[in-house]
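Structure first, then comments.
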Amino acid sequence: MNDKPTIAVIGAGLGGAAVGALLQQAGYPTKVFEQAPAFSRLGAGIHLGPNVMKVMRRIGIEDQLNAMGSHPDFWFSRDGMTGEYQSRIPLGDFARREYGAAYITVHRGDLHALMVDTLDPARLYFDKHLVDVDDNGDKVVMRFADGTTDEADLVIGADGVNSRIREKLLGPEAPIYSGWVAHRAIISADKLAAYDLDFEACVKWWSEDRHMMVYFVTGDEKEYYYVTGVPEPEWNHGTSFIDSSREEMREAFMGYHPVVQALIDCTEKVTKWPLLERNPLPLWHENRLVLLGDACHPMKPHMAQGAAMAIEDAAMLVRCLEEVGGDRYRQALELYKANRFERASRVQKVSHDNTWLRHDEDPSWVFGYDVFEEPLKHPHPT
Ligand code: FAD
């Protein structure tokens, strides 16, 4: 008989899929509820550093990701105008040797599909928008927009930046618009063949107040991707993204290096996203509710570590439940926060400042982290 607590995960994004997969593997009866009716392959890429790949190894999809992704040998930072190199951060074999796993870049949709496939399909529910939870002390009762209810011993809010679980714990509060947007576009590499230019596997072009990060999202290097950071004082569109245009990109990156101009010329579709943040939250869990990922520490994406933090959270949460015993969930959740708050808050801060790898620096505190091996810090008694 299974005496592990029953767990509900709200949201099947990257953090929710990771925690769902790890919990199910560890034998926790876990259901995952996602509001979307289905997922589509949105035009976006994502970096997966060695710190995340170690979690992917545990989930059992490291080899598939290594086969699917692009393996840059370096992260380059270059002056947006002159092209001068500002940093050359070794990845490739160096990362595998020094940090214990590969550094890859992939298509976000491909990664997400692979992660969602690791969940038990009989316990994954789409079209389930959580509207309320009632933590009655013995159980949490969840109510969904379709009128159905369900219950669990523990509920994990992996429901993103506008988390309903966060709101339940801390009250309504909109995330902070950072004053920056990100443009995202995927370009067919066939188009780039017409240029006598070097399109590097992972490069960030910088100027004083903006940047463009560029990398391949497939191992065969057929899809190249850029994501920008550009100041824009207000965001009043009320949606999570809008369409942008080649003209807007030309204006935003006027005077930039010919490689950047070529990318803009080859752009067919480009979207624009507001970058949202929150200050570190005073509360990550209460009674039978707990948060992870963007629900508790949304950040500007300028370190390419937002999903990484969500996935690390997932692994640490499961580790703490196993360490303490799922029946002593309060202690497990305290242990979880004690081992995640400082790191997630530091990554939020560096992301906010947008200084990461702009100049040569040692990234081992991020990439070398192994969530399964890190000695556990014990929470101060309260
Ligand atoms: P989300 O991915 O937002 O998932 C939340 C899920 O919950 C969604 O599926 C949503 O539909 C569901 N949901 C929400 N409310 C409810 C509800 N009430 N009921 C049921 N379901 C609900 N991170 C990286 O590590 N590397 C990168 O290279 C990178 N690049 C980025 C580029 C940009 C432009 C942006 C904006 C972000 C980037 N990030 C990157 C950050 C990363 O996307 C987020 O940090 C990550 O997606 C957070 O994962 P999550 O699972 O916490 O939340």
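These numbers were taken from a predicted model, which means no experiment stands behind them. Both backbone and side-chain heavy atoms feed into the values below; hydrogens, waters and symmetry mates do not. Just follow the structure's listing: the first ligand is 1, and inside any ligand the first atom is 1. Along the sequence shown, residues are numbered consecutively beginning with 1.
Comparing Met299, Gln35, His112, His183 by heavy-atom distance to atom 15 (N) of ligand 1, the nearest is Gln35.
If you check which protein heavy atom lies closest to atom 4 (O) of ligand 1, you get Gly13 CA, 3.5 Å. The shortest contact between atom 38 (C) of ligand 1 and any protein heavy atom is with Pro301 CB, 3.5 Å.
Contact atoms of ligand 1 toward Arg108: 2 (O), 42 (C), 43 (O), 47 (O) (distance under 4.0 Å to a heavy atom of the residue). Atom numbering of ligand 1 starts at 1 in the shown order; those under 4.0 Å from a heavy atom of Gly160 are 3 (O), 5 (C), 53 (O). Taking a cut-off of under 4.0 Å to the non-hydrogen atoms of Leu14, the atoms of ligand 1 that pass are 51 (O). Which parts of ligand 1 touch Gly11 is read off a 4.0 Å heavy-atom cut-off, strictly below it: atoms 6 (C), 7 (O), 12 (C), 21 (N). Residue Ala158 approaches ligand 1 through these ligand atoms, each under 4.0 Å from one of its heavy atoms: 5 (C), 6 (C), 7 (O). Counting atoms of ligand 1 from 1 in the listed order, those under 4.0 Å from a heavy atom of Ala304 are 24 (C), 25 (O), 26 (N), 27 (C), 28 (O). For ligand 1 and Lys128, the ligand atoms under 4.0 Å from any heavy atom of the residue are 19 (N), 20 (C). Distances below 4.0 Å separate heavy atoms of Gly293 from the following atoms of ligand 1: 52 (O).
Only the side chain of Arg184 comes within 4.0 Å of ligand 1, counting heavy atoms alone; its backbone N, CA, C and O stay farther away. Using a 4.0 Å cut-off between heavy atoms, Ile10 contacts ligand 1 through its side chain alone, with no backbone atom that close. Of the heavy atoms in Ala182, only side-chain atoms (C-beta onward) come closer than 4.0 Å to ligand 1.
Within the cation-pi definition used here (under 6.0 Å to the ring centroid, within 45° of the axis), Arg88 does not qualify as a partner of Phe74. Taking the centre and axis of the six-membered ring of Phe33, the NZ or CZ atom of Lys128 falls outside the cone set by 45° and 6.0 Å. Under a cutoff of 6.0 Å and an axis angle of 45°, Arg184 and Tyr226 do not form a cation-pi pair. Remark: Arg166 is not positioned above the aromatic ring of Trp284, lacking an NZ or CZ atom under 6.0 angstrom from the ring centre and at most 45 degrees off the axis.
Thr228 pairs with exactly one of Met213, Met212, Lys272 by the side-chain contact (heavy atoms from CB on, under 4.5 Å) rule, that one being Met212.
The number of heavy-atom neighbours closer than 6.0 Å to CD of Glu361, taken from other residues, nucleotides and ligands shown, is above 12.
Formation of a donor-acceptor pair under 3.5 Å by the Asp153 side chain with backbone atoms of Thr6 is found in this model.
Rounding to the nearest 0.5 angstrom, the gap separating the OG1 atom in Thr355 from the CE atom in Met303 is 8.0 Å.
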